[in-house]
Student: 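Quick one: the structure is below, and I'll ask about it shortly.
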Protein chains: 2
Amino acid sequence: MASERKATADPARSLALLWRTREPTSRSAGPALSVDRIVRVAIDIADAEGLDALTMRRVGEALGVGTMSVYTYVPGKAELVAVMIDTAYGEMPRPVVEGDWRTRLERIARDNLALYQRHPWMLRAETTRPVLGPHLMAKYDYELGAIVDIGLTDVEVDAVLTLVLGHVKSAARAASEVVDLERETGMTDGQWWQSHAPWLETFLKPGAYPTASRVGTAAGQQHGAAYGPEYAFEFGLQRVLDGIAVVVAERAASR
Amino acid sequence: MASERKATADPARSLALLWRTREPTSRSAGPALSVDRIVRVAIDIADAEGLDALTMRRVGEALGVGTMSVYTYVPGKAELVAVMIDTAYGEMPRPVVEGDWRTRLERIARDNLALYQRHPWMLRAETTRPVLGPHLMAKYDYELGAIVDIGLTDVEVDAVLTLVLGHVKSAARAASEVVDLERETGMTDGQWWQSHAPWLETFLKPGAYPTASRVGTAAGQQHGAAYGPEYAFEFGLQRVLDGIAVVVAERAASR
DNA sequence: GGCGCGGTCGTACGGCGTACGGCCTCGTTG
DNA sequence: CAACGAGGCCGTACGCCGTACGACCGCGCC
């Protein structure tokens, strides 16, 4: 924990890193390392083994250099993670989507979900202030552009995007937890519940929590597991879009 | 980092802790410590100084005992945090609310927001599987009970609750980040932006990201800060409830 | 009266992020 | 062409963290 907490005392240093303001070295043979190389292996490590496996020693090792060499290019781990995040945003597609706003917004939601599925560490890393890098800016600009013309105020458009992206992140986090748990315990979600259920029943007085038991059982049977993250994502997304459609329609009617 | 990752190999041990299955000691003078005392000071520390300040040494210190004494009552830090979470859920109100489902659900959302505001560390701790303690079960049962009768299937009711709680958590997290940043930098949100803006403009080519700039400026002026977490919460909540109302109405009509 | 056991906790280990200072290499300069 | 200095590299060390281990100690029980 704790790694992303630091508030990065010097804004200039962090921003310069994000925006890659750096005069190229005059040396003939360029240096062995670069911010890009570091970020690339760091993302690979985090993708494959999670944020906990991402240590500065590990990054140095993967690059074949000493641990402290990494610090020549990156002020600290928090800043490295920030650049990783901005880089990941950079790989998102930004197609021009045909169709109405709902189609476009739904597409944005699915693209963001896919991003989190490819880089689950982002769900645990983005705990501080947004990163303010070029790729995040481009993403924000693109996503706003898809819905600026739906008849809401600028402030409302911003809130609509925040709402949708928040839902995606919630759902992605839930899905990611299921995956994590399977990797760590070697059990599927269903197996995990089967192993815990007998113990739980030991403590539960029969008849306590009647609604929770009934609904929990129903959900478990429906999804073939205790929790269905895909269903939660789809159901929630459609509800959110329905809710947005209500204001959009209201606004169109009163014009 | 890393603290909540461990999958707690032994379910019986964790569950026994959560449900406080423990024969009272036969000793005349009870022991100096107890799970409850430990949990209480741990929550106080986390409330006051955040999850990062919560270390096992710190807990022992606050209790006036050696660090390792804490381990007599709690298998490890991850389990301690789990009990803290379940305990926090236990303090939530569970009133019988008059009115329609929307009133009840809105109340649930606000109560959950208040919980996260009182215990912001929960937003960073709940990264693993739900805790399965008695208070979480009671909370789940109560919240489901408020909406079981709205004419949806059990599975849908579960998804509705997940959606609303997910929105609350997203909004609470965003609000908490603003507060954190103010505490760490001693700047308000507005001041922080003012100190970063000149640097950012150095890198930005004029005319790049036109939509983002316009919307960002509008949002900033509206909220008197770069980001308005309260507005985002309210706007999103109404959209989500509107969206739920759409399915509820559909279902009522087709019956 | 002796024993055992539960509570207490000092010490130590392996891991983390990273400050510091030395070294080595190479383009630049007199 | 030789001396210099800056920039890249990195070994060592420090102060944190969670926690394994084993010793001590005082009480209830046979």
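In what follows, every chain begins at residue 1, and chains take the letters A, B, ... in the order their sequences are listed. The figures that follow rest on heavy atoms only: side chains count, while hydrogens, waters and symmetry mates do not.
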Student: Please state how far atom NZ in A:K77 lies from atom P in C:dA19, giving the value in whole angstrom units.
Tutor: 15 Å
Student: Whole Å only: how far is the OH atom of B:Y73 from the P atom of C:dG6?
Tutor: 12 Å
Student: Please report the distance, rounded to the nearest Å, between CG in A:L80 and C1' in C:dC16.
Tutor: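 One finds 15 Å between C1' of C:dC16 and CG of A:L80, rounded.
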Student: Base, sugar-phosphate, or nothing for B:L54, non-hydrogen atoms under 4.0 angstrom?
Tutor: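 Contact class for B:L54: sugar-phosphate only.
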Student: Strictly distance-based, threshold 3.5 Å: is any side-chain N or O of A:N112 a donor or acceptor partner for the main-chain N or O of A:I108?
Tutor: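 Side chain of A:N112 to backbone of A:I108: a pair is present.
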Student: Is the side chain of B:Y89 donor-acceptor paired with the backbone N or O of B:A138 at a distance under 3.5 Å, no angle test?
Tutor: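 Not at all, since once roles are kept as given, no pair shorter than 3.5 Å links the two residues.
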Student: Using the ring-ring contact (aromatic ring centres under 6.0 Å, His included) rule, collect all pairs that involve residues 161-184 of chain A, keeping only residues at least two apart or in two chains.
Tutor: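 Matches after skipping sequence neighbours: A:H167-A:F233.
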Student: Could you tell me whether A:Y71 contacts a base, only the sugar-phosphate backbone, or nothing, with contacts defined as non-hydrogen atoms closer than 4.0 Å?
Tutor: base
Student: Partners of A:D189 by salt bridge (Lys or Arg N to Asp or Glu O under 4.0 Å), sequence neighbours excluded?
Tutor: B:R129
Student: Can we say B:R118 and B:E91 salt-bridge, meaning some charged N sits less than 4.0 Å from an Asp/Glu carboxylate O?
Tutor: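 Looking at B:R118 and B:E91, the cut-off is met.
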Student: Using a heavy-atom cut-off of under 4.0 Å over every strand shown, decide if B:S69 touches base, sugar-phosphate, or nothing.
Tutor: base
Student: Can you list, in residue-number order, the parts of residues 32-40 of chain A that come under 4.0 Å of DNA chain D, counting heavy atoms only?
Tutor: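 Output list: A:A32, A:L33.
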Student: Could you state the atom-to-atom distance from CD of B:E61 to C1' of C:dG10 in whole Å?
Tutor: 16 Å
Student: Is B:T72 touching bases, backbone alone, or none of the nucleic acid, heavy atoms closer than 4.0 Å?
Tutor: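 Base contact.
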Student: CG of A:D52 versus P of D:dC17: gap in Å, rounded?
Tutor: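 To the nearest whole Å, that distance equals 18 Å.
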Student: Can you name the atoms? Protein N/O to nucleotides 11-13 of chain D N/O, anything below 3.5 Å, with the distance.
Tutor:
none

Student: Who passes side chain to side chain contact (heavy atoms under 4.5 Å, CB included) against A:A32, sequence neighbours left out?
Tutor: none
Student: Consider ring pair (Phe, Tyr, Trp, His ring centres under 6.0 Å). Of B:W192, B:W199, B:W193, which one does B:H196 pass it with?
Tutor: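 Only one option passes, and that is B:W192.
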Student: Within this structure, what is the CE-to-P distance between A:M56 and D:dC10, rounded to whole angstrom?
Tutor: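 Atom CE in A:M56 sits about 14 Å away from atom P in D:dC10.
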Student: Mind checking the CD1-CG spacing from A:I38 to A:L63? Nearest 0.5 Å is all I need.
Tutor: 6.0 Å
Student: Which residues pass the salt bridge (Lys or Arg N to Asp or Glu O under 4.0 Å) test with A:D36, not counting sequence neighbours?
Tutor: A:R20
